[in-house]
Amino acid sequence: MRGLFISFEGIDGAGKTTQARLLAEWLTGRGHVVTALREPGGTCVAERIREILLYSKDEIDPRAELLLFLSSRAQNTAERIRPALAQGHIVICDRYADSSVAYQGHGRGLGADEVRALSMFASGGLAPDLTLLLDLSPEAGLARQKNSDRMEDEPLEFHRRVRHGYLSTAKDDPARVVILDGAQDVEVLRDQIERVVQDRIGT
Ligand code: TYD
């Protein structure tokens with residue numbers, strides 16, 4: 001038995017965390033077993049890596065940064081995601097490989113193809129079955145942020161490259177990535193997400 005792997009993606013402030021929670025509640029209410037996770041993080045080891053990545057006061061070299069995100073992903077995938085999928089759970093992950101491609105590949109300029117290949121190594125070849133990309137302008141996304149972290153402190157130009165990176169991933173992989181308008185009202189977006197997921201699970 002193999003469950004379903006759904007990831008949420010988007011720039012900072014796009015509303016992923018809220019929608020991931022609402023989707024988990026909706027699916028649980030319909031009798032599905034849901035494992036909800038976030039990246040970076042999701043396990044004890046990965047949460048410690050998250051602290052370094054988001055709140056370190058020291059400079060982090062872009063390649064070191066990428067490898068830390070991937071290290072967190074490798075741990076999360078092995079310890080939580082694969083076992084949950086093997087038990088037939090629906091796994092909802094707040095960010096996965098597309099974040100690395102968008103932020104490190106496009107934002108930091110490390111190259112989308114290289115980052116995608118390294119991320120596949122980290123996940124042992126696992127990719128989401130469905131990715132919900134909440135698209136939003138960086139101006140709107142950053143305006144919604146209350147507390148900033150190391151990534152959110154980057155200039156607007158960085159977040160523009162990240163958004164462009166996401167849209168180009170969606171263009172390359174339209175069967176997996178569904179683009180939704182993150183500027184919409186929370187409830188409207190929630191309905192759209194439920195419809196997309198319902199189509200995939202067929203219940
Ligand atoms: P988080 O607070 O979890 O995201 P959000 O603010 O969207 O809820 O912070 C994660 C940050 O790390 C976010 O700015 C995106 C960034 N990130 C990367 O740069 N690369 C990655 O591979 C991942 C998973 C996240």
Side-chain angles (χ1 to χ4, degrees), residues 5-24 36-43 45-56 59-77 79-81 91-123 126-128 131-138 140-166 169 177 180 182-183 186 189:
F5 183 15
I6 301 173
S7 63
F8 275 88
E9 294 285 358
I11 62 159
D12 293 281
K16 297 173 289 68
T17 308
T18 302
Q19 293 296 338
R21 181 177 49 78
L22 291 171
L23 179 63
L37 297 164
R38 68 168 178 181
E39 281 217 352
T43 67
V45 169
E47 290 293 333
R48 290 170 73 179
I49 298 171
R50 178 186 175 91
E51 281 297 311
I52 301 175
L53 277 166
L54 298 187
Y55 305 110
S56 176
E59 267 301 291
I60 302 180
D61 174 78
R63 285 168 194 272
E65 177 185 272
L66 170 65
L67 293 169
L68 283 168
F69 277 114
L70 298 187
S71 179
S72 165
R73 178 158 314 129
Q75 187 67 29
N76 200 9
T77 305
E79 194 179 322
R80 303 290 309 275
I81 301 177
V91 174
I92 299 177
C93 203
D94 187 348
R95 299 191 179 282
Y96 201 66
D98 298 322
S99 281
S100 304
V101 173
Y103 282 79
Q104 281 68 51
H106 290 265
R108 299 280 190 232
L110 292 178
D113 293 343
E114 290 84 343
V115 172
R116 172 84 51 207
L118 288 167
S119 180
M120 284 303 256
F121 170 78
S123 68
L126 185 72
T131 295
L132 300 159
L133 170 57
L134 309 190
D135 181 51
L136 188 68
S137 76
L142 293 177
R144 286 181 183 176
Q145 296 298 299
K146 290 185 207 79
N147 311 306
S148 69
D149 60 36
R150 211 176 56 81
M151 305 301 293
E152 288 154 7
D153 287 344
E154 288 293 330
L156 201 56
E157 198 41 53
F158 175 87
H159 295 279
R160 290 205 176 105
R161 290 196 296 276
V162 173
R163 182 193 198 187
H164 163 80
Y166 273 129
T169 295
V177 185
L180 297 155
V186 175
L189 191 52

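First listed ligand is number 1; within each ligand, the first listed atom is number 1.
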Practice item. Counting heavy atoms only, name the option from Lys16, Gln104, Arg144, Arg150 that's nearest to atom 5 (P) of ligand 1. Key: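 Shortest heavy-atom distance from atom 5 (P) of ligand 1: Lys16.
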
**Study point:** Shortest heavy-atom approach to atom 12 (O) of ligand 1 - which of Tyr103, Phe8, Phe69
**Key:**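 Going through Tyr103, Phe8, Phe69 one by one, Phe69 has the nearest heavy atom to atom 12 (O) of ligand 1.
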
Review point. Asp94 and side chain to side chain donor-acceptor pair (under 3.5 Å): which partner among Lys16, Gln19, Arg38?
Key: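 Single pass found, and it is Lys16.
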
Exercise for review: Check step by step if salt bridge (Lys or Arg N to Asp or Glu O under 4.0 Å) holds for Asp12 and Arg95.
Suggested key: CA-CA 11 Å; Asp12 293 281; Arg95 299 191 179 282; 3.6 Å; yes

**Study point:** Pair Thr77-Ser123, side-chain donor/acceptor within less than 3.5 Å
**Key:**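 No, Ser123 and Thr77 have no side-chain donor paired with an acceptor closer than 3.5 Å.
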
Hey, does [X] come in under 3.5 Å of ligand 1, counting only N/O atoms on both sides?
X	answer
Glu152	yes
Tyr96	no
Glu65	no
Arg95	yes

Review point. Of Asn76, Val45, Ile49, which is the lone residue that meets side-chain contact (heavy atoms from CB on, under 4.5 Å) with Ser71?
Key: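 Single side-chain contact (heavy atoms from CB on, under 4.5 Å) partner of Ser71 among Asn76, Val45, Ile49: Ile49.
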
Taking [atom1] in [X] as the centre, count heavy atoms belonging to other residues, nucleotides or ligands within less than 6.0 Å. Is the count above 12?
X	atom1	answer
Arg21	CZ	yes
Arg63	CZ	no
Glu157	CD	yes

Starting from [atom], which protein heavy atom do you reach first, and at what distance in Å?
atom	answer
atom 22 (O) of ligand 1	Ser100 OG, 2.6 Å
atom 8 (O) of ligand 1	Thr17 OG1, 3.4 Å
atom 11 (C) of ligand 1	Leu54 CD2, 3.7 Å
atom 14 (O) of ligand 1	Asp12 OD1, 2.8 Å

Exercise for review: With side chain to side chain contact (heavy atoms under 4.5 Å, CB included) as the test, would you mind laying out the steps for Ile11 and Asp135 before giving the verdict?
Suggested key: CA-CA 7 Å; Ile11 62 159; Asp135 181 51; over 6 Å; no

Review point. At a non-hydrogen distance cut-off of under 4.0 Å, which region of Arg38 contacts ligand 1 (side chain, backbone, both, or neither)?
Key: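 Contact part for Arg38 vs ligand 1: neither.
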
Check your understanding: At a non-hydrogen distance cut-off of under 4.0 Å, which region of Leu53 contacts ligand 1 (side chain, backbone, both, or neither)?
Key ->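 Contact part for Leu53 vs ligand 1: neither.
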
Point to revise | Numbered atoms and elements of ligand 1 in range of Arg73, under 4.0 angstrom, heavy atoms | key: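 Reading through ligand 1 atom by atom, the close ones are 22 (O), 24 (C).
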
Check your understanding: For the residue pair Ala112 and His106, what are the closest heavy atoms and their distance?
Key ->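 Distance-wise, the nearest heavy atoms are CB-NE2, 3.6 Å.
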
Review point. Quick one: does Arg50 get a heavy atom under 4.0 Å from ligand 1?
Key: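 For ligand 1, residue contact (heavy atoms, under 4.0 Å) with Arg50 is present.
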
